Amino acid sequence: MNIIAKIDSTLLIQFLRNTSVLDNISPKIYDWETLIRQARHANLLSRIAVLLKQSEIFESIPGKPKLHFLNAIKLSQAHERSARWEMQDIHKVLSPHNISFILLKGCAYIWQKNNASLGRLFGDTDILVKKVDIRKAEKILVHNGWVTTKLDEYDQRYYRNWMHEIPPLHHTSRHTTLDVHHSIIPPIIKSGFNITRLWEDAIEDKENAGLFTLSLPDMILHSATHLFQEGEFDNGLRDLVDLDTLMRQYDASNNDWNALITRAQDLDLARFLYFAMAYCKKILGTPIPDSTLLQAQKNSTLSFMKIWLFDKLFTRVLCPAHSTCNPRGLKLVSFLLFIRSHWIRMPLHILIPHLLIKSHR
Amino acid sequence: MIFKYWNDQCVIYQHSSGDTHLLSRTNAKILELLRLQTPEQVIIDYIMSESIASNVEDASNILEVTSKSFDRLNLLLA
Amino acid sequence: MDIDSGVSYRQLSKLTSTSGFKFRVGPFHLRLTSKLPSISAHLHQHYNHYPRLEADAFIDFHLSVDRRSGIRSVIKPQVIFALDGYQPFTPLPLDQAAAQFEWGFNWCIAGSMHQYLIIHSAVIEKNGVSIIMPGQPGSGKSTLCAALLFEGWRLLSDEMALISLADLTIQPVPRPVSLKNKSIDIIRHHYSNAKFSALINGTSKGTVCNLEAPLESIRQQDIPANPGLIVFPKYDSKARPFIRPKEKANACIELIDNTFNFNILQGQGFQAITDIIDKADCYDIGYQNLQQALDAIEEIAGAQD
């Protein structure tokens with residue numbers, strides 16, 4: 001079976017594309033077990049559980065699968081509680097020193113309670129501070145129960161000089177992790193991106209001065225940049241679901257696709273928006289007009305050859321990798337994309353020694 | 001918060017953090033009364049300071065212990 | 001419930017290495033695949049009499065325990081436990097496969113079965129009286145639990161008390177009793193008819209092995225128990241033995257500390273724990289040797305009538 005057919009026939013994908021696909025099935029004979037297995041493997045079990053709970057079919061689901069869904073919902077509720085507590089604590093620590101911060105990714109969705117937060121599990125907290133504040137922020141956090149990761153000199157330099165974040169901080173009593181960024185593109189890359197533009201449109205929380213979230217278009221662009229730049233696709237489908245949800249929300253609030261494309265162009269993130277749109281549409285059926293996609297492709301300035309090559313790689317790595325839908329050659333593809341992500345983050349003369357050092361660990 | 005009393009003690013469960021605390025019945029009763037008028041953060045700080053203090057103080061003189069608790073609470077509310 | 005009459009090692013081995021061995025432990029439906037002889041041997045000794053599943057039964061956990069592939073596997077053979085292809089643990093030496101399966105099964109339950117409050121403890125029952133024994137380090141709960149099985153007590157679990165949030169009953173999940181180091185010798189010494197698996201040396205917990213769960217406990221795996229007693233055992237060879245009623249507030253805190261999924265259950269978990277403490281009588285016991293512990297348990301249980 002070719003890969004597109006495989007994707008189309010995957011129960012998880014069918015459900016994510018359109019939750020009402022289950023309206024016409026018979027709950028007693030539907031293959032809940034496979035859906036659960038695929039979802040668990042993609043780290044999406046809590047999400048589909050929450051979506052199912054909202055549907056009329058939920059009560060008719062047989063006992064055993066229903067228990068798995070209910071438990072997955074409990075898990076995400078606990079994560080949400082934990083995330084809120086983290087964010088409130090970070091605000092309590094940073095605001096007396098007038099350090100503003102933008103919540104990023106999962107915790108931002110949870111804070112805003114937008115559609116992407118439904119059934120979202122929470123891992124690390126990600127925040128963005130201004131570059132000028134980063135040293136001070138680190139000091140203050142360390143004074144308030146956070147500890148920096150022990151790294152050797154090489155890794156310290158990697159983070160502080162080349163990357164757009166400091167090494168992860170760990171909280172001593174809560175055992176949570178905090179990643180503090182000052183940009184979303186590593187400084188080592190030559191790019192027209194300017195982080196101040198994100199701050200300009202960021203939305204301040206009414207009750208918690210100094211706590212910001214990105215505007216919806218910028219949330220989409222950040223999510224796209226994160227997924228297609230980092231080269232880590234362990235949560236690839238989950239990240240794509242975030243993007244699909246945010247873009248549908250954007251579309252539903254009658255925002256204009258052209259405005260999003262223009263914003264991407266202004267921030268020099270057009271390439272990432274193109275990938276996000278192309279794969280969300282292809283895999284999850286996001287209702288992006290063909291004309292919009294074409295414009296995004298043009299703006300990406302990718303050659304036809306590159307588009308074709310990336311298509312082969314991204315389609316494989318983003319589809320569910322469970323044994324019921326596992327494309328061949330996944331390991332090689334993941335490896336190539338990992339290399340690529342480092343390649344675009346670093347000039348070659350730095351990349352090669354870096355990979356050599358890493359491989360000797 | 002949930003306050004659960006057994007004999008001379010009280011276990012408090014805090015929903016927002018998931019933390020639990022053990023306090024004497026008297027101190028817990030004081031907290032329950034104040035809860036309606038006091039911001040949650042003050043309650044939490046008070047509980048934390050009580051937990052530390054109760055490890056140090058001699059619990060045999062309830063009156064003295066309780067009045068010291070009041071002092072700490074006053075400091076926080078001031 | 002009728003126990004299964006079991007199959008030969010050869011049949012079981014064939015099943016496990018092809019479509020998978022499908023069986024029910026307590027309320028959990030498992031399918032286990034493995035090509036390792038040690039796993040088939042473990043299943044044959046310990047799980048051969050658990051109910052089998054129909055072909056179309058819903059499976060809660062699809063598990064595999066297999067040899068790690070790759071160049072390293074030639075020099076230093078290792079075993080990997082996986083739930084649906086996901087590996088939660090680092091690989092262990094191949095001879096620890098059976099232990100890896102048991103720990104993996106624990107992980108599956110504690111990580112996802114949140115219809116229960118899951119407390120790290122042993123649970124036993126006799127004549128309608130149940131005892132939950134939370135497992136702080138140094139308690140000796142495993143040894144005590146194993147010994148009590150030879151004294152007429154039913155095994156509900158040696159590792160995890162599963163308390164239903166719906167009605168606060170204790171759900172049995174009888175499984176091989178995991179013993180380590182000195183415990184193994186103590187039980188062997190006291191009970192000559194005890195049946196163990198082979199010893200596994202060099203694990204993170206030292207030498208471990210599994211004691212067979214009594215068939216009668218497996219037969220009664222669908223009969224829940226009601227919380228009755230909570231006993232916190234403490235082994236100390238130098239201190240005088242004691243039996244003391246425990247302050248419920250302290251018992252509550254200790255039980256919370258021993259609850260695997262307390263953070264996930266939030267307020268509902270707290271409510272369940274306080275309800276159990278309300279219902280149960282709580283004791284601390286201290287003992288210098290196994291006989292004292294057994295006597296203390298019989299005394300406390302006797303007082304319940």
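This one's a predicted model, so the numbers in the text were calculated from it and none came from an experiment. Note that these values count all heavy atoms, side chains included, but never hydrogens, waters or copies made by symmetry. Every chain is numbered from 1, with letters handed out A, B, ... down the list of sequences.
To the nearest 0.5 Å, atom NZ of residue Lys4(B) and atom SG of residue Cys252(C) are 8.5 Å apart.
Contacts of Tyr13(B) classified as side chain to side chain donor-acceptor pair (under 3.5 Å), with partners at least two apart in sequence or in another chain: Arg81(A).
Note on residues 117-132 of chain C: pairs passing salt bridge (charged side-chain N to carboxylate O under 4.0 Å, His left out), not counting sequence neighbours, are Glu125(C)-Arg154(C), Lys126(C)-Glu298(C). Listed by first and then second residue, the ring-ring contact (aromatic ring centres under 6.0 Å, His included) pairs that reach into residues 220-244 of chain C are Tyr235(C)-Tyr287(C), sequence neighbours excluded.
Residues of residues 256-265 of chain C that come within less than 4.5 angstrom of chain B, heavy atom to heavy atom, are Ile256(C), Phe262(C), Asn263(C) in numerical order.
Arg175(C) forms a cation-pi arrangement with Phe105(C), by the criterion of a distance under 6.0 Å to the ring centre and an angle within 45° of the ring axis.
Counting heavy atoms from C-beta outward, Met133(C) and Ser139(C) have side chains that stay 4.5 Å or more apart.
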